[in-house]
Number of protein chains: 2
Amino acid sequence: MSGLRAKNKADKEARIREAAWALFAEQGYEAATVREIAQRAGVAQGTVFVYAKDKADLLAMLFADRLSAVVESAFATLPAGVSLLDALVHVFSSFMRFYAQDTRLARSVVRGVLFLEGPAAERMERLNRPFLGRVAGLFVAAQAQGLARAELVPFVAALNAFAAYFMALASWLNGLLPDLAAAEAQLRLALEHQLLGVLLPSSSPIELPTQQGAAP
Amino acid sequence: MSGLRAKNKADKEARIREAAWALFAEQGYEAATVREIAQRAGVAQGTVFVYAKDKADLLAMLFADRLSAVVESAFATLPAGVSLLDALVHVFSSFMRFYAQDTRLARSVVRGVLFLEGPAAERMERLNRPFLGRVAGLFVAAQAQGLARAELVPFVAALNAFAAYFMALASWLNGLLPDLAAAEAQLRLALEHQLLGVLLPSSSPIELPTQQGAAP
DNA sequence: GTTCAATGTTGAGCGTGTTCATTTTTGAGC
DNA sequence: GCTCAAAAATGAACACGCTCAACATTGAAC
């Protein structure tokens with residue numbers, strides 16, 4: 001068997017990942033160059049592209065591991081006997097606190113992760129789908145306990161919750177919200193609205209009046 | 001006054017915009033080069049960067065106009081006497097149908113628009129804030145008619161609706177949904193859930209059981 | 001018509017991410 | 001220990017977005 005071969009490959013990959021992580025953290029994603037990463041890892045430029053399809057894939061690889069760890073941790077530390085709202089806030093806040101470690105890099109990650117191509121997209125989808133499944137599980141549990149409407153589709157509710165989380169995250173990372181606390185506050189408010197709903201039980205869904213004023 | 005000066009400037013800007021639009025449509029955003037755009041517009045490469053901060057800004061400029069037109073059209077064509085759900089679907093579907101004209105370019109636009117820098121970000125925010133205000137106006141109207149909960153914060157509800165729209169849009173443009181119809185269907189389902197809410201009126205928000213199974 | 005400061009334009013040049021023909025390394029078969 | 005195809009690594013070369021010192025154009029003042 002090819003022990004040396006595999007070991008060298010693993011070593012090089014590890015060195016490249018470490019170098020990339022260090023330089024991304026030090027200089028940010030855009031400022032860090034592949035040449036510098038390669039030099040720090042002790043390999044040639046071209047070698048980097050043997051292990052990652054492109055620079056964006058390098059960043060995605062680095063965060064895929066860490067993000068899946070955050071998912072595990074978030075559900076592992078979910079307090080028992082907590083309300084559905086608090087459970088959702090707990091899970092999504094875990095991500096926000098993770099991204100708070102380096103908001104500059106977080107911006108690049110979230111930006112890159114949303115529109116990936118090819119294998120990287122599939123890798124992310126393999127992380128995302130089970131995650132959304134587990135969030136949906138929270139709604140299923142609430143249904144089982146008679147707390148949530150029976151007609152509700154858990155996966156749709158999970159997607160809505162994720163959408164609200166993503167919006168708060170993006171607003172924060174774009175500087176529209178001042179800090180982590182503000183982002184968490186917006187997240188909670190948005191989720192609260194989703195749980196309580198908009199319409200009154202009456203529900204005679206007719207008549208919506210005209211709009212005033214146009215934009216500049 | 002400097003009539004010729006202004007006219008030349010306006011002409012050049014128009015030519016650059018036309019050239020950029022044509023080439024982005026023909027080849028896609030990434031494949032189209034600034035050199036080619038400049039050549040088609042009859043100017044030097046450097047001149048392009050006088051009118052747009054960078055290539056991404058060029059794309060953003062092109063779509064800022066068109067998007068604000070879509071906003072106007074969406075609210076102008078809002079049928080009277082329609083349900084809140086149908087009103088929301090109408091507004092957000094307008095955007096989806098607009099993006100459906102060129103989904104490849106739409107991907108680049110949505111991707112670029114989400115994380116803009118500097119003046120481009122402000123320009124987008126000046127488009128987005130009033131838009132969200134008008135969506136919030138739909139909820140205010142529903143409240144005024146006694147259809148929506150009085151405690152609801154209209155802007156939060158609007159942001160939730162936008163988040164659901166964005167999620168459906170991103171899923172579609174990433175190929176997770178097959179076509180425009182599927183995206184519109186997901187949008188409607190998600191909004192329906194937001195309007196009806198999750199929790200039962202009972203609301204004794206306690207007890208949420210354990211999760212099973214970890215991810216690979 | 002000439003002057004000249006302000007404004008607008010230019011394209012060679014820089015540093016970047018990425019490719020790929022070439023070179024080096026590896027280990028099973030003998 | 002040698003052979004040699006397969007695998008891995010290399011770095012020169014390429015095309016790109018973008019900058020900026022140099023150059024061209026404009027029009028108010030005289």
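Values below: all heavy atoms of this structure, side chains included; hydrogens, waters and symmetry mates excluded. So you know, we letter chains A, B, ... as the sequences are listed, proteins then strands, and number each from 1.
- For the salt bridge (charged side-chain N to carboxylate O under 4.0 Å, His left out) test, residues two or more places apart in sequence or in another chain that qualify with B:R97 are B:E184.
- Going from atom CG of A:D54 over to atom P of C:dT16 covers 17 Å, rounded to whole Å.
- For the pair B:Y51 and C:dT9, the criterion of a side-chain N or O lying under 4.0 Å from OP1 or OP2 is met.
- In this structure, A:Q39 places its CD atom 14 Å from P of C:dG17, rounding to the nearest Å.
- Taking atom NZ of residue A:K53 and atom P of nucleotide C:dG17, one finds them 14 Å apart after rounding to whole Å.
- Distance CD (A:Q45) to C1' (C:dT18): 9 Å, rounded to an integer number of Å.
- With sequence neighbours excluded, the residues that form a salt bridge (charged side-chain N to carboxylate O under 4.0 Å, His left out) with A:R40 are A:E26.
- Here B:D179 pairs with nothing under the side chain to side chain donor-acceptor pair (under 3.5 Å) rule; sequence neighbours left out.
- Counting to the nearest Å, the C1' atom of C:dG8 and the CG atom of B:D11 are 14 Å from each other.
- Legend: residues meeting side chain to side chain donor-acceptor pair (under 3.5 Å) with A:D102, ordered by chain and number and at least two apart, are absent.
- For D:dC18, neither phosphate oxygen OP1 nor OP2 lies less than 4.0 angstrom from any side-chain nitrogen or oxygen of B:K55.
- Annotation: proximity of residues 18-35 of chain B to DNA chain D (heavy atom, distance under 4.0 Å) is found for B:A32, B:T33, B:V34, B:R35, numbered in ascending order.
- Between D:dA8 and A:K12, no contact under 4.0 Å exists linking OP1 or OP2 to a side-chain N or O.
- If you check the side chains of B:Q27 and B:E36, you find a donor sitting under 3.5 Å from an acceptor.
- Between C:dT9 and B:T47, no contact under 4.0 Å exists linking OP1 or OP2 to a side-chain N or O.
- Ring orientation note: the planes of B:Y165 and B:F92 are close to parallel, at an angle under 30° on the 30°/60° scale.
- For A:E117, the side chain to side chain donor-acceptor pair (under 3.5 Å) partners two or more places apart in sequence, or in a different chain, are B:R107.
- Here C:dT9 is the nucleotide among C:dT9, D:dA9, D:dC18 with the atom lying nearest to any side-chain atom of B:V50.
- Checked against C:dG11, D:dG17, C:dG17, the side chain of A:F49 finds its nearest nucleotide in C:dG17.
- Spacing between atom CD of A:E117 and atom C1' of C:dG17 amounts to 15 Å, rounded to whole angstrom units.
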